[in-house]
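First the structure, in the form of structure tokens, and then the observations on it.
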Amino acid sequence: MAEYKIISTCGRAKHAEFKTVHGTVQTPVFMNVGTVGAVKGGVSSDDLERIGTQIELSNTYHLHVRTGDEVIKRLGGLHKFMAWNRPILTDSGGFQVFSLADIRKIKEEGVTFRSHIDGHKIFMGPEESIQIQSNLGSTIAMAFDECPSSVATREYVKDSIDRTARWLVRCKKKLDELNSREDTVNPHQLLFGINQGAVYNDLRIEHAKRITELDLDGYAVGGLAVGETHEQMYDVLDHVVPYLPKNKPTYLMGVGTPANIIEAVDRGVDFFDCVYPSRNGRHGHVYTHHGHLNLVNAQYTEDDRPIEEGCQCPVCKRYSRAYIRHLLKAGEMLGLRLCTIHNLYFYNHLMEEIRNAIDDGTWDTWKKDALYALDEEHEKHTVMHQPAYYQKVRAK
RNA sequence: GGGCGGUUUCCCGAGUGGCCAAAGGGGACAGACUGUAAAUCUGCUAGCGAUGCUUUCGGUGGUUCGAAUCCACCACCGCCCA
């Protein structure tokens, strides 16, 4: 059902279109993380549309424990539930195995973990995860995987990726069965497999070969940005992305900083998601092309510039750093909301700039310039960030 | 005029002779956060030539080896009686 079409390339970086029943996504794309069916910080589906986001990500585990995937199915599925008609990717709950489960409770059948809400035991395996995702009716379902710690031993990782590969077969079987049923919310639901193997490149490659034997709709690289260095992450991508299908989208899960994303696009990645723009936004940490600002800092008390000069987001067009800082310090929800909206715009717009640079054939120089500007060690010393510079510019 | 209670480091507030530069909270300041148990968490908040020294618990003086803590007087605040 899905169609992945490459529009243009520069080296390994590529601009492609991914057609789904919920619309076409231009890649490289950033998926806006709305774990419980909403981007935290008071961001509505309206807001997401207004700032031009293409796709949203929600979580299987969280929606299962509250309010329940069966309820959402009865209400017509997640798209209808959250009044969002563009694509949705649901994460499988695999990451919650990493963050919530006792590692000793991981069995061949699946994982038992305790609800973070009331502590009750929850069992989730490949079939359960896919059933929930089918009930939600997301555009793309993710395979149920285990995300081993970056410090896991090679022996542990080997066992884990073998199990994740076996789980993938079960996910595929379950989804095929559910997609063929009459009462399925989205009978065209897609499935992405997830590559694991920690920082062991040979295990990564072995696992990639194994999971690509199944004809899935896309492939993710998981288990990165969980404690290893950026260099290790880029090294894994250099090794494993070439073993993922060229005619299908590649998704780097949970990543990352603007620089991480640029480096990963350069290594052939199409899909990204990260809590940074929303979580950091809630904490007053906002992104610009010249590094981040921590708006709660005293230096912005009387700074009436927008977060970033020239930014076309609805926040920068109207509000000052000083006002947003005031809202954050006063504990007003509007402060978190404005920061989050700016950050989401920044991330989504960054992806557009990336696609344009690839289309224009200027990717290599664009990338170099963008990474240089984003480098805070360099940027914090430039005059453009000093209030005195701004005063002079304004005076003209 | 009389009686009682109070005055603590930016704020509130604990502390009634040494373990007190002084609990706890707030505020301020700074940092962290990568498929969201996160509008959260952590650090820090007298000064300095810094394993020590100096200044600080309303003010002044006293008792004591030693005082935020005990005594005297003074100032101010609150309540009650005239």
Side-chain angles (χ1 to χ4, degrees), chain A residues 30-43 55-63 65-66 88-101 113-120 122 129 133 138 140-148 150 164 192-196 218-230 232-233 251-261 263-264 269 271-285 287 292 294-301 324-325 327-340 343 347 376:
Chain A
F30 179 76
M31 297 190 281
N32 302 271
V33 180
T35 303
V36 303
V39 175
K40 292 183 189 298
V43 179
I55 174 168
E56 191 267 353
L57 179 151
S58 288
N59 189 285
T60 297
Y61 162 82
H62 291 84
L63 290 171
V65 298
R66 190 161 58 197
I88 296 175
L89 179 143
T90 40
D91 187 29
S92 62
F95 193 71
Q96 280 60 51
V97 174
F98 167 72
S99 62
L100 292 173
F113 43 112
R114 295 219 169 250
S115 161
H116 70 282
I117 295 168
D118 63 7
H120 82 272
I122 296 167
S129 173
Q133 295 185 76
S138 59
I140 302 165
M142 292 305 298
F144 186 70
D145 66 333
E146 184 198 347
C147 172
S150 64
T164 288
F192 281 16
I194 305 175
N195 171 250
Q196 292 288 356
Y219 287 90
V221 179
L224 289 177
V226 289
E228 81 288 352
T229 65
H230 286 176
Q232 286 177 304
M233 176 167 81
Y251 164 25
L252 176 55
M253 305 185 79
V255 173
T257 65
N260 288 160
I261 289 174
E263 293 287 3
V269 177
F271 280 63
F272 298 88
D273 80 278
C274 188
V275 303
Y276 268 165
S278 50
R279 181 186 291 167
N280 284 338
R282 270 175 281 132
H283 301 161
H285 169 135
Y287 292 90
H292 87 277
N294 191 351
L295 280 188
V296 295
N297 288 174
Q299 68 180 118
Y300 302 113
T301 306
I324 298 169
R325 173 187 138 86
L327 295 174
L328 292 167
K329 299 300 281 185
E332 281 296 334
M333 190 169 69
L334 181 59
L336 320 181
R337 186 175 129 79
L338 295 179
C339 288
T340 305
N343 281 349
Y347 266 71
E376 301 186 359

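Each chain gets a letter, A, B and so on, in the order the sequences are listed, and its residues count up from 1.
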Are there any protein N/O atoms within less than 3.5 Å of an N/O atom in nucleotides 37-42 of chain B, and if so, which ones and at what distance?
unit_1	atom_1	unit_2	atom_2	d
B/rA37	OP2	A/Q96	NE2	3.4
B/rA37	OP2	A/S99	OG	2.9
B/rA37	O5'	A/H62	NE2	3.3
B/rA38	O2'	A/R282	NH1	2.9
B/rA38	N7	A/R279	NH2	2.9
B/rA39	OP2	A/R282	NH1	2.2

Name the pairs: protein N/O against N/O of nucleotides 26-30 of chain B, kept only if under 3.5 Å.
unit_1	atom_1	unit_2	atom_2	d
B/rC29	OP1	A/R325	NH2	3.2
B/rC29	OP2	A/K329	NZ	2.7
B/rA30	OP1	A/A298	N	3.3
B/rA30	OP2	A/A298	N	3.2

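Following rounding to the nearest Å, A/D273 (CG) and B/rU34 (P) show an atom-to-atom distance of 12 Å. Between A/F30 atom CZ and B/rU34 atom C1' there is a gap of 10 Å when expressed in whole angstrom units. Spacing between atom CG of A/N32 and atom P of B/rG35 amounts to 13 Å, rounded to whole angstrom units. Summarising the geometry, the separation between CD1 on A/I55 and C1' on B/rG35 is reported as 13 Å, rounded to the nearest angstrom. Rounding to whole angstrom units, CG of residue A/L295 and P of B/rC33 are separated by 18 Å. A/H285 has its NE2 atom 9 Å from the C1' atom of B/rC33, to the nearest Å. Per the geometry, CD belonging to A/E228 stands 13 Å off C1' belonging to B/rG35, to the nearest Å.
No hydrogens or angles were tested; on distance alone, nothing pairs the side chain of A/Q133 with the base of B/rG35 as donor and acceptor under 3.5 Å. Residue side chain A/N59 does not reach the base of B/rG35 through any donor-acceptor N/O pair under 3.5 Å, judged by distance alone.
A/L252 comes within 4.0 angstrom of no nucleic acid atom, judged by non-hydrogen atoms across all strands. Residue A/G42 is classed as having no contact, given no heavy-atom separation below 4.0 Å to the nucleic acid. Residue contacts shown for A/Q196 include a base, since a base heavy atom lies under 4.0 Å away.
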Evaluate side chain to side chain contact (heavy atoms under 4.5 Å, CB included) for A/H116 paired with A/L100, printing each intermediate quantity in order. CA-CA 8 Å; A/H116 70 282; A/L100 292 173; 4.2 Å; yes
Does A/F271 form a side chain to side chain contact (heavy atoms under 4.5 Å, CB included) with A/I140? I'd like the steps, not just the answer. CA-CA 12 Å; A/F271 280 63; A/I140 302 165; 4.2 Å; yes
Determine, stepwise, if the pair A/C339 / A/L328 fulfils side chain to side chain contact (heavy atoms under 4.5 Å, CB included). CA-CA 9 Å; A/C339 288; A/L328 292 167; 4.0 Å; yes
Using the rule given for side-chain hydrogen bond (donor to acceptor under 3.5 Å, both in side chains), can you reason through A/H285 versus A/Y276, listing the C-alpha separation, both sets of side-chain angles and the distance that settles it, and then say yes or no? CA-CA 9 Å; A/H285 169 135; A/Y276 268 165; over 6 Å; no
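Pairing of B/rA75, defined by two Watson-Crick or G-U wobble distances under 3.5 Å, is identified with B/rU7. Under the Watson-Crick or G-U wobble criterion, with both distances below 3.5 Å, B/rA67 is left unpaired in every strand shown. Nucleotide B/rC44 forms no Watson-Crick or G-U wobble pair with any nucleotide shown, as no partner meets the under 3.5 Å limit on both distances. When Watson-Crick and G-U wobble pairs are counted only if both distances are under 3.5 Å, B/rA22 pairs with no nucleotide at all. For B/rG1, the paired nucleotide is B/rC81, the pair qualifying as Watson-Crick or G-U wobble because both relevant distances are below 3.5 Å. The partner of B/rA39, taking Watson-Crick or G-U wobble pairs whose two distances both stay under 3.5 Å, does not exist in any strand shown.
Side-chain contact check for A/S58 and A/E56: at least one donor-acceptor pair (N or O, by modelled atom type) lies under 3.5 Å. A donor and an acceptor atom, one from each side chain of A/D273 and A/Y251, are located under 3.5 Å apart. Side-chain contact check for A/T340 and A/R282: no donor-acceptor pair (N or O, by modelled atom type) lies under 3.5 Å. A donor and an acceptor atom, one from each side chain of A/Q133 and A/S138, are nowhere located under 3.5 Å apart. No hydrogens or angles considered: a donor-acceptor pair under 3.5 Å links the side chains of A/N280 and A/Y287. A donor atom on one side chain and an acceptor atom on the other are found under 3.5 Å apart for A/Q96 and A/N59.
Comparing B/rG52 with B/rC70, their P atoms sit 29 Å apart, to the nearest whole Å. If you take atom C1' in B/rG17 and the same atom in B/rG62, they sit 15 Å apart, rounded to whole Å. For the C1' atoms, the distance from B/rG13 to B/rG1 is 34 Å, rounded to whole Å. When the P atom is used for both B/rC71 and B/rC20, the distance is 23 Å, rounded to whole Å. If you take atom C1' in B/rC19 and the same atom in B/rA32, they sit 35 Å apart, rounded to whole Å. Nucleotides B/rG25 and B/rA46 have their P atoms positioned 15 Å apart, rounded to a whole Å. When the C1' atom is compared between B/rA67 and B/rU8, the two are found 14 Å apart, to the nearest whole Å. Annotation: B/rG27 and B/rG61 have their C1' atoms spaced 37 Å apart (nearest Å).
Rounded to the nearest 0.5 angstrom, A/E376 CD and A/T257 OG1 are separated by 9.5 Å.
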